[in-house]
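Have a look at the structure below before the remarks.
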Amino acid sequence: MTLKNGLMVATILALPALAQAQPVTGIYVGAGAGGNIRTNATAGGLTVKTETGWAAVGSVGYGFGNGFRAEIEGNYRYNNVNTTSLSSGGSTIARSSAGSLATYGAMLNGFYEFSLTGFGLPSIFPYLGAGLGYGQNWWNRVGLSNGSATARSNGTNGNLAYQGIAGAAFNLPAVAPGLAVTLEYRYYGVLDSSQRFNVSDTSTGINRSYSPTNGNHSAILGLRYNFGAAPAPVFAPPPVAQVQTVARTYLVFFDWNRADLTDRARQIIAEAATAHTTVRSTRIEVSGHADRSGSDAYNQALSMRRAEAVAAELTRRGVPRAEMVIQAFGESRPLVPTADGVREPQNRRVEIVLK
């Protein structure tokens with residue numbers, strides 16, 4: 001492992017917990033794929049350059065609810081060979097473009113995930129991580145020959161693998177609680193392997209064996225699902241305030257055996273009409289009454305004339321007649337109970353009730 005890579009891994013393993021963590025809780029699974037750029041495999045005068053390839057990862061992990069999480073990962077990377085060249089004394093003595101390189105293995109990773117809620121980004125969670133494991137290299141028919149010098153490697157070998165990871169999760173609670181899109185950069189390397197490039201140069205009689213280095217830069221787009229994520233809270237709409245309508249009653253009194261309106265009666269009716277507009281009542285009851293000084297039939301008709309007189313005045317003052325319930329009760333509902341034939345001023349009335 002190079003000094004640069006060692007410092008990177010050490011830095012990631014010493015992450016400070018300076019930000020509020022995204023509480024990934026319980027078991028989660030993840031998978032992703034993307035591009036892979038393999039560093040030139042070099043050893044002495046041998047160089048193997050590859051084209052841009054692809055990488056895929058899958059993982060199962062556990063979040064501890066405080067930003068820390070651990071996972072087991074499986075990975076695979078593949079690149080076709082661009083050129084394989086052999087140099088000696090500053091001159092290229094052989095070159096070819098055959099074969100492919102692949103790396104696969106298993107890793108144990110640790111992460112710390114940060115929250116950007118305080119920055120107004122409640123659904124974005126950056127994270128840093130590092131991993132150790134085992135990587136297997138597969139050299140598939142990589143070789144060259146110029147007649148006198150040949151180099152070839154075909155087979156698999158493995159060694160300790162390491163990686164550093166920087167990424168961000170973009171939560172999608174509207175799609176499913178616990179679902180997130182992830183975007184990552186990964187540096188993945190395998191320590192010096194036992195795989196050998198056996199080089200033979202008939203012009204010099206020299207036979208050599210090379211162990212090329214192996215490193216990978218990967219950009220991975222993936223999905224992660226946290227089974228322990230709580231469902232997004234459902235906020236019920238605030239209860240609609242129940243407006244209780246308080247009935248308002250206005251009493252309009254009449255002279256004996258009369259149904260015409262006095263000045264005081266018109267004033268009370270005006271107050272009722274104003275209140276109707278102010279409190280937005282939906283029902284107006286106009287109920288006529290009479291005292292017990294006449295016959296039942298006469299008093300019933302008299303109370304209706306009184307109710308109609310009040311209703312007409314309400315209409316004149318802007319109250320729609322369609323909103324009124326006009327009724328007459330004669331002498332059946334006295335305000336002040338009396339004997340039959342008694343003239344009682346308080347029973348000669350019309351009640352206006354706003355509801």
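Because the structure is a prediction, the values reported are computed rather than measured.
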Non-hydrogen atoms of Tyr28 and Ala70 that approach each other most closely: OH-O, 3.8 Å
Polar contact flag, side-chain donor to acceptor under 3.5 angstrom, Tyr298-Asn257: yes
Any donor-acceptor N/O pair, Ser303 side chain to Gly330 backbone, under 3.5 Å: yes
Test log, rule side-chain contact (heavy atoms from CB on, under 4.5 Å), inputs Tyr127 and Thr182: CA-CA 10 Å; Tyr127 54 85; Thr182 57; 3.6 Å; yes
Main-chain N/O of Arg292 paired with Glu344 side-chain donor or acceptor, under 3.5 Å: no
Ionic contact status for Arg305 with Glu308, cut-off 4.0 Å: no
Donor-acceptor pair, side chain of Asn347 and main chain of Leu335, under 3.5 angstrom: yes
Aromatic ring pairing Tyr78/Tyr76, orientation class (parallel under 30°, perpendicular over 60°, tilted between): parallel
Donor on one side chain, acceptor on other, Asn36 and Ser218, under 3.5 Å: yes
Sole candidate of Val325, Leu314, Val252 that passes side chain to side chain contact (heavy atoms under 4.5 Å, CB included) when paired with Val286: Leu314
Residue pair Gln163 / Asn109, side-chain donor-acceptor N/O under 3.5 Å: yes
salt_bridge(Arg333, Glu351) N-O dist < 4.0 Å: no
Ile27 CD1: over 12 foreign heavy atoms closer than 6.0 Å: no
Electrostatic pair Asp291-Arg348, nearest N-O below 4.0 angstrom: yes
Face-on cation placement of Arg69 at Phe111 ring, 6.0 Å and 45° thresholds: yes
Expected output: side-chain Arg306 to main-chain Arg258 donor-acceptor under 3.5 Å: yes
Audit row: Ser100, Asn80, side chain to side chain donor-acceptor pair (under 3.5 Å) steps and yes/no: CA-CA 4 Å; Ser100 62; Asn80 286 319; 4.7 Å; no
Joint hydrophobic cluster, Leu354 plus Ile326, side-chain heavy atoms closer than 4.5 Å: yes
Within 6.0 Å of CD1 in Ile124, more than 12 heavy atoms from elsewhere: yes
Main-chain N/O of Glu51 paired to Asn79 side chain as donor or acceptor, under 3.5 Å: yes
